[in-house]
Amino acid sequence: MSNSLFSLFAFALLVFPGTMREYALIPGKYSDFALDQQGNIIMADAEGIISKKDPAGRTLASQAYSNHGGNPQIDASNGLQVLVYFPSTRHLLMLDNQLNQRRLVDFNTLENYQIRGLGLAADGNYWILDGRDGFLKKLDYEGRTLASTMLAGAWLPNGQTRIYDDGQYLFLAGENDETVRVLNATLNRLRLFTKPAGYWDARDGNLCYAIDSQRLVREGISIGSRRDTVEVQGNALQRFRLSGSILANRSDRGLHLYR
């Protein structure tokens, strides 16, 4: 391919949006869900049943963790492990990729953390946002603090916060906050940016979403990145997750899968 033709092809990818369409529905009521790096869906129902399905909706694994409480929160950004936090019991479970329990952290036996945010760290440890003192902390599974920085003023998110660590940047997205915070791996504060109306977080951390009428527009943070649109039905848009070419959305009907 000549340089001129290649340049024209690359320009077309950047300027003309692609379209993703719904191809499957996983019916049910789910308190939270996540996509791993392979596009598998890990979901939790209100009773604490954790299930894993492939991008076609076939069940790969299912485990019951109802003894730890209900309505858990899930982080599956690491391809080899799944983080599940139960706010009602303050139990944090580390599961393998078959959803078997590997570790349990009982925050009732550690410091009196007021956990307002939680997410996997790129090195296999995990981050918490402590609402008691406003510190963002990386902890190991013995509860030892490995790194921390205090967030105050505009840098302290409002409400429950999703934390994404891609090894280079940290992204903090408060579910009741209109601002996303970006820090680097050494916890230097880089930038604040305003979430567009209808924003929901992306699993790989470096994308944000805006609902524009009946379209979901995927925008990279960096200028000039490609735009994709998702044609959606109705307005029951709740939470989106992305992994590779798979996009998932939770509604009252279940989990909707797009590609």
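In what follows, residues are counted from 1 in the order of the sequence shown. Computed from heavy atoms alone, side chains included, the values below leave out hydrogens, waters and symmetry copies.
Tyr30 contributes atom OH, which lies 13.0 Å from atom CD1 of Ile42 (distance to the nearest 0.5 angstrom). Here CZ of Arg253 is found 12.5 Å from CD1 of Ile26. Values are rounded to the nearest 0.5 Å.
The salt bridge (charged side-chain N to carboxylate O under 4.0 Å, His left out) analysis of residues 123-135, with sequence neighbours excluded, yields the pairs Glu111-Arg132, Asp123-Lys138, Asp130-Arg132, Asp130-Lys137, Asp133-Lys137.
By the 4.0 Å N-to-carboxylate-O rule, Asp140 lies too far from Arg103 to be salt-bridged with it.
Grouping Ile, Leu, Val, Met, Phe, Trp and Tyr residues whose side-chain heavy atoms lie under 4.5 Å apart, directly or via other members, places Met150 in a hydrophobic cluster with Phe135. Counting Ile, Leu, Val, Met, Phe, Trp and Tyr side chains that sit under 4.5 Å apart, directly or through other members, Leu110 shares a hydrophobic cluster with Leu83, Tyr85, Leu92, Met94, Val105, Phe107, Tyr113, Ile115, Leu118, Leu120, Tyr126, Ile128, Leu139, Tyr141.
Residues passing the side-chain contact (heavy atoms from CB on, under 4.5 Å) test with Leu187, sequence neighbours excluded: Trp127, Leu136, Ala147, Thr149, Leu170. Scored by the side-chain hydrogen bond (donor to acceptor under 3.5 Å, both in side chains) test, Asn67 finds no partners at all (sequence neighbours excluded). The side-chain hydrogen bond (donor to acceptor under 3.5 Å, both in side chains) search around Lys53 returns Thr59, not counting sequence neighbours. The salt bridge (charged side-chain N to carboxylate O under 4.0 Å, His left out) search around Asp54 returns Arg58, not counting sequence neighbours. Residues forming a side-chain hydrogen bond (donor to acceptor under 3.5 Å, both in side chains) with Asp96 (at least two apart in sequence, or on another chain): Asn100. Applying the side-chain contact (heavy atoms from CB on, under 4.5 Å) criterion to Gln168, with sequence neighbours excluded, gives Asp166. Partners of Ala152 by side-chain contact (heavy atoms from CB on, under 4.5 Å), not counting sequence neighbours: none found. Here Arg90 pairs with Asn108 under the side-chain hydrogen bond (donor to acceptor under 3.5 Å, both in side chains) rule; sequence neighbours left out. Every side-chain contact (heavy atoms from CB on, under 4.5 Å) that Thr89 has, sequence neighbours left out, goes to His68, Phe86, His91.
Between Arg116 and Leu156, the closest side-chain pair of non-hydrogen atoms falls below 4.5 Å.
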